[in-house]
Amino acid sequence: MPRRTSQRLTKTLIDNAANDSVVWDAEVPGFGLRVTPAGSRSFVFQFRSSRSEQGRLTIGRYPVMTVEQARKIARAYRVSVDQGGNPSRDRKGSREAVTLSELATHYCEVYGPQRGLKAQTISDARRLLDRYALPRFGRRKVIEITVGDIRCIHNDTREKVSRYQANKLRAVLSRMFTLAIQNEWRSDNPCRGVEKFQEDRRWNYLSPAQVTALLDACDSYRDQHAADGVRLLLFTGARLREVTKATWDQFDLDQGFWVKPSSHTKTKIVHRLPLAPATVEMLHRMRSERPDTPFLFPGRDGTKPRVDLKRPWQCILESADIGHHRRHDLRRTNASFMLSTGSDLMTVGKSLGHTQASTTLGYASLFLTVQKDGITRATELMRAGR
């Protein structure tokens with residue numbers, strides 16, 4: 001049996017190591033030098049993972065490979081093992097391993113649709129990957145991507161765009177590597193070694209004066225059908241896709257309810273939303289104007305719902321002259337009005353379709369900066385249909 005010792009490997013120690021021995025490095029656990037009875041010297045890495053998997057790899061032969069080069073590789077193996085990986089299995093499949101670009105295609109075109117991910121979610125993921133990850137690392141094998149590579153992508157995206165987009169990209173990559181683990185293309189997730197950037201909670205709502213200006217701009221907009229979409233977003237606090245995909249059979253205008261099917265909601269749960277009288281009145285008008293279509297907002301040929309309200313929103317926003325706002329800000333505005341008039345968190349959460357009380361609590365915490373009197377006046381405008 002080879003004799004076993006442990007001390008920091010150096011060139012001098014390697015040159016003087018006895019035949020038929022193993023010298024373990026004191027700096028990187030599992031890294032060592034094996035000397036055969038004939039005197040041949042090779043760097044090795046021995047490990048036992050958290051899953052009780054174990055193995056030994058030959059890193060390279062000395063002196064073709066220096067101890068510094070071998071230690072760097074061993075340290076990467078050590079990180080992989082500490083994160084639950086198996087470097088022996090990873091290296092075994094390296095020749096047949098998929099690239100990051102292939103993994104992205106599988107995630108967006110196969111996994112996403114099979115798991116029922118929304119088309120917009122998949123589209124956003126593909127956009128982030130194509131812009132910031134694949135141009136640089138698309139040809140790299142999945143098992144070769146390191147924590148440092150992910151950190152590089154993460155930092156670059158923050159510098160080029162924002163910390164929010166950088167964190168979204170990290171989340172997409174993390175889900176992709178989880179998929180890679182499930183398919184045994186890799187045994188660990190390098191994204192776990194990269195922390196998210198701190199994000200400031202964004203709470204942007206419309207003031208009473210802005211609500212008035214927005215509704216005036218809706219009144220003067222040439223496409224009143226699209227303007228109704230903006231009004232419905234504001235009056236109900238619904239999400240954009242819930243509005244654009246809405247069909248008349250979801251509404252009970254006599255009782256004043258909108259029952260959103262689980263296939264249309266973010267939470268995948270049926271959501272029963274009570275409607276204000278002014279909203280019901282608006283919906284009655286819309287129904288009388290378009291009696292021959294099942295959709296509240298049909299597309300050009302009437303056989304499918306309208307895809308988006310992006311262009312009308314930009315035109316109305318510009319006409320209102322109230323600065324930059326996202327359509328989702330209408331949802332926050334609706335929540336602000338409810339909170340300002342004394343609605344409790346449970347009522348607000350049910351109205352917005354939240355499944356977690358913590359989500360609604362976050363709205364309430366950020367709402368502390370809202371001027372209550374002003375919001376109340378804006379609420380009266382909304383209730384009056386203005």
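In this text, all values refer to a predicted model and were calculated from it rather than measured experimentally.
Distance OG1/T157 to CG/L169: 4.5 Å, rounded to 0.5 Å. Here L117 contributes atom CG and S123 contributes atom OG; the two are 12.5 Å apart, rounded to the nearest 0.5 Å. Rounded to the nearest 0.5 angstrom, D25 CG and R71 CZ are separated by 4.5 Å. The distance from the CG atom of L100 to the CG atom of D149 is 9.5 Å, given to the nearest 0.5 Å. To the nearest 0.5 Å, atom NZ of residue K260 and atom CZ of residue F251 are 8.5 Å apart. Here CD1 of I73 is found 11.5 Å from CZ of F45. Values are rounded to the nearest 0.5 Å.
Remark: side-chain polar atoms of Q224 are paired, donor with acceptor, to backbone N or O of C218 under 3.5 angstrom. With hydrogens and angles ignored, the 3.5 Å screen pairs no side-chain donor or acceptor of R241 with any backbone N or O of T244. Counting only distance, with no hydrogens or angles, the side chain of R41 and the backbone of I14 share a donor-acceptor pair below 3.5 Å. Under the 3.5 Å distance criterion, the side-chain polar atoms of R231 are left unmatched by any main-chain donor or acceptor of T279. Distance alone, capped at 3.5 Å, is enough to place a donor-acceptor pair between the N189 side chain and the C191 backbone. Under a 3.5 Å cut-off, the side chain of D329 and the backbone N or O of R326 do form a donor-acceptor pair. Counting only distance, with no hydrogens or angles, the side chain of D15 and the backbone of T12 share no donor-acceptor pair below 3.5 Å. Put simply, the side chain of R139 never gets that close to the backbone of T99: no donor and acceptor are under 3.5 Å apart. Here the side chain of R186 pairs no donor or acceptor atom with the backbone of A180 at under 3.5 angstrom. Of the possible donor and acceptor atoms, none in the side chain of S80 sits under 3.5 Å from a partner among the backbone N and O of A76.
Within the 4.5 Å cutoff, the side chain of L232 has no heavy atoms near those of the M286 side chain. Two residues are said to be in side-chain contact when any heavy atoms from C-beta on lie closer than 4.5 Å; L173 and R170 fail this criterion. With a 4.5 Å cut-off on side-chain heavy atoms, V259 and D252 do not count as touching. Side-chain contact check for R175 versus Y107: some heavy-atom pair is nearer than 4.5 Å. Proximity of V67 to F43: side-chain heavy atoms (C-beta onward) are separated by under 4.5 Å at one or more points. S262 places a side-chain heavy atom less than 4.5 Å from the side chain of V270. Side-chain atoms of W248 and R290, non-hydrogen and from C-beta on, never get closer than 4.5 Å to each other. Looking only at side-chain heavy atoms (C-beta outward), W24 and Q46 come within less than 4.5 Å of each other.
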Let me have the donor-acceptor pairs involving side chains of residues 308-321, under 3.5 Å, with sequence neighbours excluded, atom names and distances please.
unit_1	atom_1	unit_2	atom_2	d
D308	OD1	K310	N	3.2
D308	OD1	R327	NH1	2.4
W313	NE1	H325	O	3.1

Determine all donor-acceptor pairs shorter than 3.5 Å in which one atom belongs to a side chain in residues 124-136; sequence neighbours excluded.
unit_1	atom_1	unit_2	atom_2	d
D124	OD1	Q120	NE2	2.9
R126	NH1	D130	OD1	3.2
R136	NH1	D156	OD2	2.7

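In terms of heavy-atom proximity, L233 sits nearest to A238 at CD2-O, 3.5 Å. The shortest heavy-atom contact between L33 and V44 is N-CG2, 4.5 Å. Between V147 and P190 the shortest heavy-atom distance is CG2-O, 3.5 Å. Nearest approach of V280 to G256, heavy atoms of both residues: CG2-CA, 4.0 Å. Scanning both residues, Q182 and Y111, for their nearest heavy atoms gives OE1-CE1, 4.5 Å. Pairing each heavy atom of P37 with each of N19, the nearest pair is O-ND2, 3.4 Å.
Counting non-hydrogen atoms of neighbouring residues, nucleotides and ligands closer than 6.0 angstrom, the CZ atom of R285 exceeds 12 such neighbours. More than 12 heavy atoms of other shown residues, nucleotides or ligands fall within 6.0 angstrom of atom CD in Q69.
Two different hydrophobic clusters hold F295 and V243 under the rule that ILVMFWY side chains link at heavy-atom gaps under 4.5 Å. I150 and I181 are assigned to two separate hydrophobic clusters, defined by single-linkage of ILVMFWY side chains at heavy-atom distances under 4.5 Å. Under the 4.5 Å side-chain heavy-atom criterion for ILVMFWY residues, no single connected hydrophobic cluster contains both V79 and I59. When the side chains of ILVMFWY residues are joined at heavy-atom separations under 4.5 Å, either directly or via intervening members, V28 and M65 end up in a single hydrophobic cluster.
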*Apply side chain to side chain contact (heavy atoms under 4.5 Å, CB included) to the pair H106 and L179, showing each step before the final yes or no.*
CA-CA 9 Å; H106 182 73; L179 175 61; 3.6 Å; yes

*asked:* Let's go through I153 and V194 carefully: what are the C-alpha distance in whole Å and the side-chain angles of both, what is the deciding distance for side chain to side chain contact (heavy atoms under 4.5 Å, CB included) to 0.1 Å, and is it a yes or a no?
replied: CA-CA 10 Å; I153 296 173; V194 179; over 6 Å; no

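Aromatic ring pairs are classed by plane angle as parallel below 30°, tilted from 30° to 60° and perpendicular above 60°; the pair H154 and F197 is parallel.
Less than 6.0 angstrom separates the ring centroid of H225 from the ring centroid of F297.
R306 and D228 are not joined by a salt bridge, as no carboxylate oxygen comes within less than 4.0 angstrom of a charged side-chain nitrogen.
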